[in-house]
Amino acid sequence: MTDDQYAQYESLEKSDDFQDVPENIDTASSVPDIATLALAMKNKINEIGVADGIGSRDNRGASINKGQLRQNLIRLIFKVSRGATAYYARTGDTFKQKNVDFEKSAFTNTAAPKLVHIANQLVTDTTADADNLVNADGDDLAALTILAKAFSDSIPKPKRAEEESKVNNAKIPPLLKEAKEIRRVLDIFMQTFIDSNPDFYAEWAETLTIDDAATSNPAAHTINLTVEAGQTANVDYDEFDMQNSSEIKLINNNATTIEYGFGNDTTTFDREPELVNANSQQRKTATALGYQSIETNQLNIRNASGAALLITLEFYD
């Protein structure tokens with residue numbers, strides 16, 4: 001997302017946080033429409049978070065993997081080629097020797113599909129003589145077949161990853177528009193409390209006027225943390241002055257979900273923890289995450305998956 005889109009997104013999250021506070025839920029319960037609209041807004045915010053997680057991926061990994069496979073494939077082609085060339089030179093079979101002998105520069109600019117075809121053809125041409133190759137054998141031919149298949153499978157991946165990012169980035173503007181429209185309608189019902197509970201509405205109204213916060217309010221503190229498989233990790237945030245209105249963003253660039261929230265000890269949660277989807281992020285106020293300065297002040301991260309997860313926490317004043 002752009003800075004402006006992040007600002008809109010985090011403003012929506014402020015409104016969502018307000019609707020998650022138990023006291024606010026109780027107050028709004030007299031108007032059932034509010035809970036319905038709040039849930040619709042939350043779902044839309046989650047969609048935006050997922051789209052941004054995929055859209056902002058660093059897709060260089062697919063290209064790097066493809067490049068490594070290419071180099072490994074070329075290296076193995078030359079190993080088999082040298083072994084076959086030497087054997088056919090020994091037997092005087094100049095026709096076969098010519099077919100399997102390649103120059104070092106032969107594959108500098110060779111298209112990926114052609115490189116796969118060359119590898120497969122080399123296996124075909126030398127399989128009958130696998131036991132006679134010089135410093136190469138049938139295991140190398142089997143490995144060459146496997147590597148050619150792996151490289152072939154990798155050919156569309158960088159492009160596919162880039163296209164997936166573009167598709168998800170394109171989803172963000174309409175999703176933001178839909179979420180803000182839901183909030184606009186939600187505000188209509190929230191305004192019915194202006195006379196009966198003006199403080200309640202005033203607090204809600206504050207969440208509608210912070211759309212520029214993300215561009216002018218950088219994180220005051222950042223923590224990178226590894227949470228072991230099946231464990232709950234306690235976060236040491238002593239360097240940050242936590243307040244009820246502080247915000248905590250969890251960035252989850254993993255392929256599985258993770259949960260966070262406050263509890264009164266280092267292993268449990270005071271309320272249902274916030275679920276952060278795979279390749280996504282959530283930014284919540286301390287209050288919405290269950291924070292109370294005296295009793296419920298232990299920030300915990302729960303990893304229910306079978307692998308260790310590296311996450312980033314950003315703290316905002």
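When a residue number appears, it is its place in the shown sequence, counting from 1.
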Decide whether a cation-pi geometry holds between R302 and F269; the criteria are a distance under 6.0 Å from NZ or CZ to the six-membered ring centre and an angle within 45° of the ring axis.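 No, R302 does not lie over the aromatic ring of F269.
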
Which one of N234, V235, T267 satisfies the side chain to side chain contact (heavy atoms under 4.5 Å, CB included) criterion with N300?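 Considering N234, V235, T267, a side chain to side chain contact (heavy atoms under 4.5 Å, CB included) with N300 is found only for N234.
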
Roughly how far, to the nearest 0.5 Å, is [atom2] of [Y] from [atom1] of [X]?
{"X": "I34", "Y": "I188", "atom1": "CD1", "atom2": "CD1", "result": "11.5 Å"}
{"X": "Q298", "Y": "T266", "atom1": "CD", "atom2": "OG1", "result": "6.5 Å"}
{"X": "D137", "Y": "N132", "atom1": "CG", "atom2": "CG", "result": "11.5 Å"}
{"X": "L175", "Y": "N43", "atom1": "CG", "atom2": "CG", "result": "11.5 Å"}
{"X": "D140", "Y": "T126", "atom1": "CG", "atom2": "OG1", "result": "10.0 Å"}
{"X": "L250", "Y": "I301", "atom1": "CG", "atom2": "CD1", "result": "5.0 Å"}

Heavy-atom distance under 4.5 Å between the side chains of [X] and [Y], does that happen here?
{"X": "T94", "Y": "K98", "answer": "no"}
{"X": "F95", "Y": "N99", "answer": "yes"}
{"X": "L73", "Y": "L144", "answer": "yes"}
{"X": "R183", "Y": "Q19", "answer": "no"}
{"X": "V100", "Y": "Y87", "answer": "no"}
{"X": "N254", "Y": "I311", "answer": "yes"}
{"X": "V134", "Y": "R82", "answer": "no"}

How close do [X] and [Y] get, counting heavy atoms only, and between which atoms?
{"X": "N279", "Y": "A255", "result": "ND2-CA, 4.3 Å"}
{"X": "P174", "Y": "A170", "result": "CD-O, 3.3 Å"}
{"X": "N252", "Y": "V276", "result": "ND2-O, 3.4 Å"}
{"X": "Y291", "Y": "Q243", "result": "CE2-C, 4.0 Å"}
{"X": "T207", "Y": "S15", "result": "OG1-OG, 2.9 Å"}
{"X": "S280", "Y": "V50", "result": "OG-N, 3.7 Å"}

Does F315 form a side-chain contact (heavy atoms from CB on, under 4.5 Å) with M242? I'd like the steps, not just the answer. CA-CA 9 Å; F315 297 81; M242 187 70 70; 3.9 Å; yes

Surrounding [atom1] of [X] (heavy atoms of other residues, nucleotides or ligands, distance under 6.0 Å), is the total greater than 12?
{"X": "E295", "atom1": "CD", "result": "no"}
{"X": "D195", "atom1": "CG", "result": "no"}
{"X": "N135", "atom1": "CG", "result": "no"}

Sequence-distant partners of [X], salt bridge (Lys or Arg N to Asp or Glu O under 4.0 Å), two or more places apart:
{"X": "D270", "value": "none"}
{"X": "R271", "value": "none"}
{"X": "E228", "value": "none"}
{"X": "D187", "value": "none"}

Nonpolar side-chain network containing L275, other nodes, edges under 4.5 Å: none

Residues E13, R283: salt bridge by 4.0 Å N-O rule: no

Evaluate Q231 against N303 for side-chain contact (heavy atoms from CB on, under 4.5 Å), listing each step before the verdict. CA-CA 6 Å; Q231 299 295 313; N303 172 15; 5.8 Å; no

Can you check whether A148's main-chain N or O pairs, donor with acceptor, with S152's side chain at less than 3.5 Å? no

Walk me through whether E247 and K14 qualify under salt bridge (Lys or Arg N to Asp or Glu O under 4.0 Å). CA-CA 9 Å; E247 297 172 305; K14 287 270 193 177; 2.9 Å; yes

Do you reckon [X] sits in the same ILVMFWY cluster as [Y], going by side-chain contacts under 4.5 Å, direct or chained?
{"X": "I172", "Y": "I182", "answer": "yes"}
{"X": "L309", "Y": "L225", "answer": "yes"}
{"X": "L122", "Y": "L69", "answer": "yes"}
{"X": "Y316", "Y": "F262", "answer": "no"}
{"X": "F200", "Y": "V31", "answer": "yes"}

Taking atom types as modelled, find out whether T312 and N224 have a side-chain donor-acceptor pair closer than 3.5 angstrom.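 Yes, a side-chain donor-acceptor pair sits under 3.5 Å.
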
Just by distance, no angles: are the side chains of Y88 and D129 close enough, under 3.5 Å, to form a donor-acceptor pair? yes

Quick one: are the ring centres of Y201 and F193 less than 6.0 Å apart? no

Please list, chain by chain and in numerical order, all residues satisfying side-chain contact (heavy atoms from CB on, under 4.5 Å) with E274, sequence neighbours excluded. Y260, Q282, K284, L289

Derivation of the side-chain contact (heavy atoms from CB on, under 4.5 Å) call for E181 and V185: CA-CA 6 Å; E181 175 60 19; V185 178; 3.8 Å; yes

Return the orientation label for the F78 and F102 ring planes: parallel under 30°, perpendicular over 60°, tilted otherwise.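 Answer is perpendicular, since the angle exceeds 60°.
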
For side-chain contact (heavy atoms from CB on, under 4.5 Å), just list the numbers for I223 and D236, CA-CA rounded to whole Å, side-chain angles, deciding distance to a tenth of an Å, and then say yes or no. CA-CA 9 Å; I223 295 175; D236 179 3; 6.0 Å; no

